[in-house]
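For reference, the structure discussed in these notes is given below.
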Amino acid sequence: MTRASWSPIKFLVALLLLITVAVGSLWGPAKEPDSRERDLLRSLLQLGLIAVVGGIAAAWTKHHWEREIAQRDSITEQNRRERDRLRELAAQRATIYREFMARVGSVYRAAKLIRRRLRAEGLWSGAVAPEILTGDTAIAYAKQMDSLNEVQLRLEELRVEAKRHPELREEEQLYGHIKEMERYLRGITGEFEKNVNRLRAGQLRVATLVHLDEFTDESDAVGKKTKLRFENNFASAYGEIARLLANLIGPATET
């Protein structure tokens, strides 16, 4: 038996047995103890019994407290692991929100760049635009519409993701704002698709492109023609998305 296998209770029981054997060996089986010897024997046995009982009580108390401490430590460790798990999940959600916001922002900036390029080509109400789109202006218009169509397709992908992603689909406003941005761009690209044949034939009148005019202009009068406004239906929707995701990122990073 190794030293590690000796518990305090076993040790005390062995001590009591040792005292009993030692006391018995003092007189032997043939020797009758007198009264003083009997008192001494009784005292030794009582002392051994007290030692054993006291030791058992102390050992039980120690075992009880050690078990309590172990349970508290286990609960503390479980709580720590749960906090770490929740913190990791929150960090993952925040990353998803940031990456999604970065992609929406990229789409928004791409649309604004196309808007500036069209204005630079003179395709807005404040410029002296040709009555019929021909030559380099027609080519520039078609090129920018192709680019805007790609932006719209990226918005469509974002809309689908906002509806299906487990961390995004619960935010119905997010889906609605992206859908609003996509609807606005679809009005412009749809107008181009309807008029592409006339554009190729050199017969497309600039005045008929009301969605393009609104996209590149900022006056209220132009916006009334389409019931869609760049500021109201695109820029403002983007701002709402940015605020919504910022609010989601905030609590996620504080968890």
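Because only heavy atoms are used, hydrogens play no part in the values below, and waters and symmetry mates are left out as well, while side chains stay in.
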Let me check something: any side-chain donor-acceptor pairs from residues 142-153 under 3.5 Å, sequence neighbours excluded? List them with distances.
{"residue": "Ser147", "atom": "OG", "partner": "Lys143", "partner atom": "O", "Å": "3.3"}
{"residue": "Gln152", "atom": "OE1", "partner": "Thr189", "partner atom": "OG1", "Å": "2.7"}

*Over all atoms of both residues, closest heavy-atom pair of Leu199 and Ala138*: CD1-CB, 3.6 Å
*CD/Gln92: more than 12 non-hydrogen atoms of other groups inside 6.0 Å*: yes
*asked:* Grouping I, L, V, M, F, W and Y whenever their side-chain heavy atoms are under 4.5 Å apart, do Leu118 and Ile132 come out in a common cluster?
replied: no
_Side-chain heavy atoms of Phe100 within contact of Ile178, under 4.5 Å_ = yes
*Nearest 0.5 Å, what's the CG-OG1 distance between Leu133 and Thr208?*
8.0 Å
*What pair of heavy atoms forms the shortest contact from Phe230 to Glu214, and how long is it?*
N-OE2, 2.7 Å
*Ala91 backbone acceptor or donor facing Thr95 side chain under 3.5 Å*: yes
*CZ-CD1 distance between Phe234 and Ile188, expressed to the nearest 0.5 angstrom*: 8.0 Å
*asked:* Check Arg154 with Glu157, please: is the shortest side-chain N to carboxylate O separation under 4.0 Å?
replied: no
*To the nearest 0.5 Å, how far apart are CE in Met181 and CD in Glu156?*
14.0 Å
*asked:* Please say yes or no: joined through hydrophobic side-chain contacts below 4.5 Å, possibly via intermediate residues, are Val160 and Leu245 part of one cluster?
replied: no
*Should we say atom CG of Asp136 is surrounded by more than 12 heavy atoms from elsewhere, each under 6.0 Å from it?*
no
*Can you find a pair of side-chain heavy atoms, one from Arg72 and one from Ile75, that are under 4.5 Å apart?*
no
_Looking at Glu170, I'd like to know if its CD atom is crowded, meaning that more than 12 non-hydrogen atoms belonging to other residues, nucleotides or ligands lie closer than 6.0 Å._
no
*In Å and rounded to the nearest 0.5 Å, what is the CZ to CG distance from Arg115 to Leu212?*
11.0 Å
*Quick check: does any side chain N or O of Asp213 sit under 3.5 Å from a backbone N or O of Leu209, one acting as donor and the other as acceptor?*
no
_Which heavy atom of Tyr175 sits nearest to which heavy atom of Arg159, and what is that distance?_
CE1-CG, 3.3 Å
*With Phe192, which residues qualify under ring-ring contact (aromatic ring centres under 6.0 Å, His included), at least two apart?*
Tyr141
*From Leu123 CG over to Phe215 CZ, what is the distance, rounded to the nearest 0.5 angstrom?*
11.5 Å
*Given salt bridge (charged side-chain N to carboxylate O under 4.0 Å, His left out), test Glu191 with Lys194 step by step and report yes or no.*
CA-CA 5 Å; Glu191 182 179 65; Lys194 291 177 181 179; over 6 Å; no
*Identify whether the distance between the nearest side-chain nitrogen and carboxylate oxygen of Arg183 and Glu180 falls below 4.0 Å.*
yes
*Do NZ/NE/NH1/NH2 and the carboxylate oxygens of Arg80 and Glu77 come within less than 4.0 Å?*
yes
_Arg205 vs Glu131 side-chain heavy atoms within contact, under 4.5 Å_ = yes
_Identified side chain to side chain contact (heavy atoms under 4.5 Å, CB included) partner of Ile241 from the options Glu171, Gln173, Met101_ = Met101
*Is Arg67 close to Gln71 at the side-chain level, that is, under 4.5 Å between some pair of heavy atoms?*
yes
*Which value, rounded to the nearest 0.5 Å, describes the distance between Leu244 atom CG and Ile249 atom CD1?*
9.5 Å
